[in-house]
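Remember, predicted model here, so these are calculated numbers, not experimental data. Labels below follow one simple rule: chain letters A, B, ... track the order of the sequence lines, proteins then strands, and each chain is numbered from 1.
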Amino acid sequence: MSDDAATQELAALPGDALREGVVQALRDALGDALLDSLIKPNDDVWVRVRTDAWVQAGHVLRDTVGCDYFCFLSGIDWMPSPFGRGEDDPTAPAPERDSTIKQGYAGGDTRMQVFARVTNLSKHFGVTIKADVADDAPAIDSWIPVYAGANWHERECHEMFGIGFNGHPDLRNMYLPTDFEGHPLRKDFPLLARLVKPWPGIVDVEPLPGDDAEEGEAS
Amino acid sequence: MVLASDIQVAQNVGFAIIALTMIIAGVGVIAARNVVHAALSLVVVMAGAAANYVLLSAEFVAVTQVLVYIGAVMVLFLFGVMLTRAQVGKDAEVNNKNAVVAAPVALLLFGVLAYVLLKGFSDDKIAATTGNGAKPQDTAAISDLIFKPYLLPFWALSFVLLAAVIGAIVLARKD
Amino acid sequence: MLAVDLPYWAQSLLRVLGGTVAVLLPAGTIVYLFLFKMMSFMQSRLGPMEAGPYGSMQLFAEVGKWLQKEDLAPDGADKRIYRMAPLVVLVSTFLLVAVVPFGPDAYFTNFDAGVFYMLAVSSISTLGILMAGWSSANKYSLLGGLRAAGQLIAYELPMVLAVLGVVIQAGTMNLQQIVVKQNSDSIFGWDGLGNPYILTQFIGFAIFMIAVQAELTQTPFDMPIAESELVSGYMTEYSGFRFLIFFIAEFATAGVFSLIASVLFLGGWGVPFSWFGWDAATGSVDNWMNVAGPIIMITKMMVLSGIIMWVRFSYPRFREDQLQRFAWKVLIPVSLLNIMLTAILKVAF
Amino acid sequence: MTDLADRQKLSYIAAQAADARLNVELETEGMTLNIGPQHPATHGTLRIIVRLDGEQVVWAEPSAGYMHRGYEKLTEVRTFPQVTALVNRIDWLGSFANEVPFILAAEKLMEIEAPPRAQWIRTILFELSRIANVGLFLGDLGVQLGAVTPVFMAFRDREHVLNLIEGATGGRFHPNFDRIGGLKDDLPAGWIAETKQVMKKLRNFCTEMEDLLFGNEIFQSRLRGIGVIPAEVAKQYGLSGANLRASGVDWDLRRDQSLPLAYDKVDWKVWTHPDGDSFARCWIRLQETRESTLIVDQLLDTMPSGPIMAKVPRIIKVPEGEAWVSTENPLGEMGYYVVSKGDLGPFRVKIRSASFNNISIVPWVLRGVYVPDVISILASLYFILGDIDR
């Protein structure tokens, strides 16, 4: 979104300097624990910190950068799903799929990452912060001492991705039964509805106004 | 022996029914295996007493009985019981072995009371109500008694009650 | 005099029938007129329209529905007490109506201590509510029952104190005589209106109506029921005709309390006696008042219960600590003040 | 009656006492009360376990998940246009508002922007769904506090708004009207004039609510000083929307971020309240409903003409990247963190729903209150089950 009218208001702000300031503040405080960062000018900023600097980064963000508003915390599994997008006929043999893990903005070294977003309410910007979690024993320190609201988000993340949060008082399941096995949002957790019968949804493409070319490949 | 014509049949039948109910309920009070059941049986006993007062043409006392004992005392009693030990079903701790001692005491008490009552009132009869509403003891007479000759005891009693209430508040508040 | 000519059994039968009518009729009218129709109009909807013209038969349909329903009792409930509780509440209503005079001779009983009796039997319903709350074996019901008991005890007191003002002014506790007094008295020598106590005992009237609202556990005092919170409190587990009995008792009691309020404050069955040149001291009230009286009473009852329902549908509810505070810190002091004032004025004039 | 500051202090003391009691060992046998999953106050299937001492809450724990539908997983097997049908069902009272941030996120990744008319209509429908949602809240508030009448008025006037949404989109509850690059259709004839009428009715409704509920002594005494959330705590827990503004934080995503919506073209006010109690939260919502009607009126007056759809490819493939877009939904900040791998569908969508954060403060705010206040605080926090469980 780099168009003129919509960004007029943001242009009045310090803009890039503002977000570069955020990254600089984190670099000053964390040193080489700040692994990577990405700034989209006048739009958003991503940073990635080392796993052991996660809580410290939270403190810096809250106290130095002024992002005292906690938005959310969640996890992401960068492994491509071995089941594809569930559009194939389950009776046919599974096609060959590329399974190379490719992380998103601000890079990454592991299959799973934790990411969170905090917002500075007075200067009107947000920061997305990411951290890797180890493949063999995914765990990271809890953010509750920094942002009390992280409690439920970490519970959800633990339930959905199996990521442990050291120091969390109560990592019970929120949604699923206590004895549920597996972590549903991991990519290797199959969505069974798609595995037992073919999904017809993909062919549903509706024509658009002013679009007279009707020879779409999927119609 | 009194003659059959002297007995007001309806009244006696009524008394028999009420008395029987009260006895059954009275046994219920001590035999019930649940505190709430016992308390509710006690309510029936109280109500029976009130009904007996009506039979004795003492309406004011009957109404007072209902207001004070059923409406206030028993409700507070139940309130307390339900707040503290409110489980539904049988309660093992209600009855204990002291029944052996209690039975003779109760019998003795019954004997003494019956003797005193018979001795004191055996031949007295309450005058029948006369025609339209005139009672042997009407409300005005009772209030005259309380507020004229017995005013001082009444006040003394009131002060004692007040002291008791304040004392209860002082005891209940820890701070 | 109609009643005198009848044999005892016929009189008794008439009284039982009359009592049933006096309980069910107000309940039915209040439910249909106020609960179904007035509430609907206040809420910009029509209310029941299908059964009968303007849904007037809806009530019977509802009763039929409830009678058909299964009489359920929770597994853990104390069944005997659970089944008895609604009846206790209803009995209280019937006992209450017994004392209301509907005309010079149209009464069920003429107690000397009528006011006292009325206050005494109205407290019996508390017992039924406690029984219902406890025996349902449901935490919501228990909370509701306990709240109800606390509330009814708290509001019994201002009610008694409010009535005391009337008793002092009338100099009698007999409801029949209170009616006669109000209609034969005069206000500073002018007897065009009699002396309905709503004028001189207005504070008492207001307190009485507030206490009635609380005794009936109607909004804003419906903490014990609190359907959005305690899920109808002590009635949670009831179904079928036992719920119906609670329901009838609730609205019948509203009617009976309105009747009592109109006896105490609005002149009861009477019209100002001076209009017809009556002098009640010599018993000159005409016999046709025995027919006109009930109609007058019902009219006054409808007005008062209309107000009760009106308040019920417009107000949110108090929290129970606010409700207790209101009773003990506002209503009781004010009603004590009212008694003092009345006593002083009574002695002065 | 104590004044507000005193009551806030009292509620603070009560909360501290509750903490202390929990930490020591309960002296008396407390009662554990299950509010929900089937309970009228939770309007949905939220379950709140409260431990009581008398009628005071010592400890409370919401237990969600009775309606978990796993939308985050489902989005991974849907195409981008299909996802809107899913997210419609998150906050089911303000469905259209759920679609907007997702569509905007997809548009951001594709670097396209809807034409002005589409932006205007989007904003109008967004505000209409806010009115439909919050209007119902105002009525429901009465029911939670025992006043039965307001809810019918709310339903009556919400009906007009639903009719408008139906007229424009064809769906009353789940419009599924937003498309990447614009909207499905233009507005029908006569819609604008009717909307103006309805907005007038809704302003009347707001005044009615002000008279019937907010001016009521009992209503105020039930809500003032109850459930106080200081601004610091609110920010820590990520409260959003009216809940945050009621704590005195002047933050509204409609104003404070730049999105291709028409909010910066109209003149409107962000309401805040310094108290942070239940009353403030409800009051803010009332003011916002009225403000929304004014926004809609102004937007209707300045509606540009033109196409409602940008030029988008026939088969939508979203370029690789990550985008976070959140909007000020009726319940608060609703955002989508969309990760795309250049495929037909998203690689991962993190749905940040408002109620999840708003309700996560419940264990904190319920300490030391009475059972009736549990209901009023829950009502004033205003959650929708689908928005918690997703």
Engaged part of [X] at the chain C interface, taking heavy atoms whose separation is under 4.5 Å:
{"X": "Val371(D)", "result": "both"}
{"X": "Arg222(D)", "result": "both"}
{"X": "Phe219(D)", "result": "both"}

Heavy-atom donor-acceptor pair, Asp387(D) side chain to Ser355(D) backbone, under 3.5 Å: yes
Expected output: side-chain Arg367(D) to main-chain Trp364(D) donor-acceptor under 3.5 Å: yes
Over-ring placement of Arg45(C) relative to Phe152(D), 6.0 Å and 45° cut-offs: yes
Over 12 foreign heavy atoms within 6.0 Å of CG, Asp211(D): yes
